[in-house]
Amino acid sequence: MLFSADNGTFVLPARIHTFFDITNTRTYVLMYLYVCPMFYSSVCHMAAICVLVILVFHICGELSILSHRIKNVQVYSRDVLAARIRGFVRMHLKIIWMAKSVDEIFNMVLMDELFGNSVILAISMYYVLMNLEISQLATCCTFIFFAAIALVMLFGYCLIGEQLTQQCISVQNAYYQCNWYDMPFSCKKSLLICMIRGQVMLYLMAGRFYIFSLNGFTDVSLIVASYVISTGKNCTTLISPLKKSS
């Protein structure tokens with residue numbers, strides 16, 4: 001953004017709309033220092049999202065490895081089998097701790113992503129529907145692009161959340177599919193405790209109230225679509241008499 005002054009041109013690092021005059025040096029320097037961190041905040045935000053995705057995929061991989069080991073456990077002696085079951089328990093507890101730690105750290109970030117992308121999706125589609133006839137094609141395509149990016153972001157979060165839930169279900173099924181019927185009675189009791197512990201489901205949540213899943217993605221999409229359609233109908237109803245009278 002350029003601002004002309006008598007002694008030169010003031011250039012801001014980002015295109016923003018200011019509601020006050022910044023053509024003096026002091027105000028320009030303060031505004032420049034305020035705008036500069038925007039680039040670093042966006043980079044840090046994307047880095048945090050990448051770390052989140054990597055951690056969730058890592059947890060899914062650990063759950064997949066655990067389910068494979070449980071399904072293919074061999075019936076050895078009683079002591080060896082008990083040691084294997086203890087290893088399963090320790091590995092499962094570690095995975096649960098990792099998943100809960102990720103949820104505690106990133107749930108506010110995910111809530112911001114949920115609200116931000118939902119608002120961007122709703123406003124962009126509302127703008128396209130209301131101005132499709134009068135706006136330029138390039139402007140409508142720009143807002144459609146914004147809406148598509150927001151929709152893809154929401155779908156990505158819901159997809160990795162669904163994958164995490166499915167891996168938990170896979171671990172539950174693995175306990176039932178192993179050769180538990182050939183194990184000693186004491187090992188069966190230990191395996192029963194593992195089955196109870198395996199009922200703990202791991203979710204990717206936003207703000208402790210929204211679960212990222214494919215069903216959740218469908219709910220958000222329907223809410224946004226219903227808002228855009230209802231608001232568009234109301235605005236059309238209000239604008240139509242004004243057009244006729246003019």
Side-chain angles (χ1 to χ4, degrees), residues 47-76 80-115 117-118 151-184 186-223:
I49 297 302
C50 292
V51 171
L52 170 64
V53 173
I54 291 173
L55 288 174
V56 172
F57 279 130
H58 174 71
I59 294 171
C60 292
E62 292 287 330
L63 288 171
S64 180
I65 293 171
L66 178 61
S67 63
H68 176 76
R69 291 179 179 178
I70 294 171
K71 289 179 183 179
N72 296 278
V73 62
Q74 300 295 328
V75 180
Y76 299 106
V80 175
L81 190 57
R84 294 291 300 275
I85 293 176
R86 284 195 297 269
F88 296 156
V89 173
R90 285 194 294 267
M91 186 175 181
H92 198 188
L93 290 176
K94 178 183 176 182
I95 295 172
I96 293 174
W97 172 80
M98 291 174 58
K100 290 185 176 180
S101 299
V102 170
D103 180 63
E104 291 177 359
I105 294 172
F106 289 98
N107 72 88
M108 297 305 296
V109 176
L110 290 174
M111 185 176 67
D112 177 70
E113 287 291 306
L114 175 64
F115 285 143
N117 287 310
S118 299
L151 193 65
V152 169
M153 292 289 290
L154 288 175
F155 179 74
Y157 295 132
C158 293
L159 186 63
I160 61 176
E162 183 73 18
Q163 183 67 21
L164 181 62
T165 303
Q166 291 299 321
Q167 291 298 330
C168 292
I169 297 175
S170 178
V171 172
Q172 294 179 12
N173 295 333
Y175 284 113
Y176 294 96
Q177 296 174 5
C178 67
N179 298 327
W180 58 268
Y181 40 83
D182 294 332
M183 298 179 182
S186 59
C187 294
K188 290 180 180 179
K189 292 178 62 177
S190 300
L191 198 65
L192 180 61
I193 297 174
C194 294
M195 291 179 180
I196 296 173
R197 188 63 180 176
Q199 300 299 319
V200 177
M201 296 298 296
L202 303 177
Y203 300 106
L204 192 64
M205 302 185 67
R208 306 289 184 183
F209 66 92
Y210 178 81
I211 298 175
F212 283 101
S213 62
L214 295 182
N215 291 331
F217 175 75
T218 304
D219 295 337
V220 171
S221 301
L222 291 176
I223 291 172

Can you tell me how far [atom2] of [Y] sits from [atom1] of [X], rounded to the nearest 0.5 angstrom?
X      : Y      : atom1 : atom2 : result
Asn72  : Ser67  : CG    : OG    : 9.5 Å
Met205 : Leu114 : CE    : CG    : 11.5 Å
Met98  : Leu55  : CE    : CG    : 7.0 Å
Ile65  : Cys60  : CD1   : SG    : 11.5 Å
Leu164 : Ser213 : CG    : OG    : 11.0 Å
Glu62  : Ile96  : CD    : CD1   : 13.0 Å

Please report the shortest heavy-atom distance between [X] and [Y], naming the atom on each side.
X      : Y      : result
Cys168 : Met201 : CB-CE, 3.9 Å
Ile95  : Leu63  : CG2-CD2, 3.5 Å
His92  : Tyr175 : ND1-OH, 4.0 Å
Arg69  : Arg84  : O-NH2, 4.4 Å

Taking the side chain as every heavy atom from C-beta outward, state whether [X] and [Y] have any atom pair closer than 4.5 Å.
X      : Y      : value
Leu93  : Val89  : yes
Ile160 : Leu204 : yes
Asp103 : Leu202 : no
Tyr210 : Leu110 : no
Val51  : Phe106 : yes
Leu151 : Ser221 : yes

Residues Val109, Ile49; criterion side-chain contact (heavy atoms from CB on, under 4.5 Å); working and verdict: CA-CA 8 Å; Val109 176; Ile49 297 302; 3.9 Å; yes
Donor-acceptor check, side chain of [X] to backbone of [Y], threshold 3.5 angstrom: yes or no?
X      : Y      : value
Asn107 : Glu104 : yes
Ser101 : Trp97  : yes
Gln177 : Lys71  : no

Ring geometry between Phe217 and Phe155 (parallel below 30°, tilted from 30 to 60°, perpendicular above 60°): perpendicular
Donor on one side chain, acceptor on other, Glu113 and Asn117, under 3.5 Å: yes
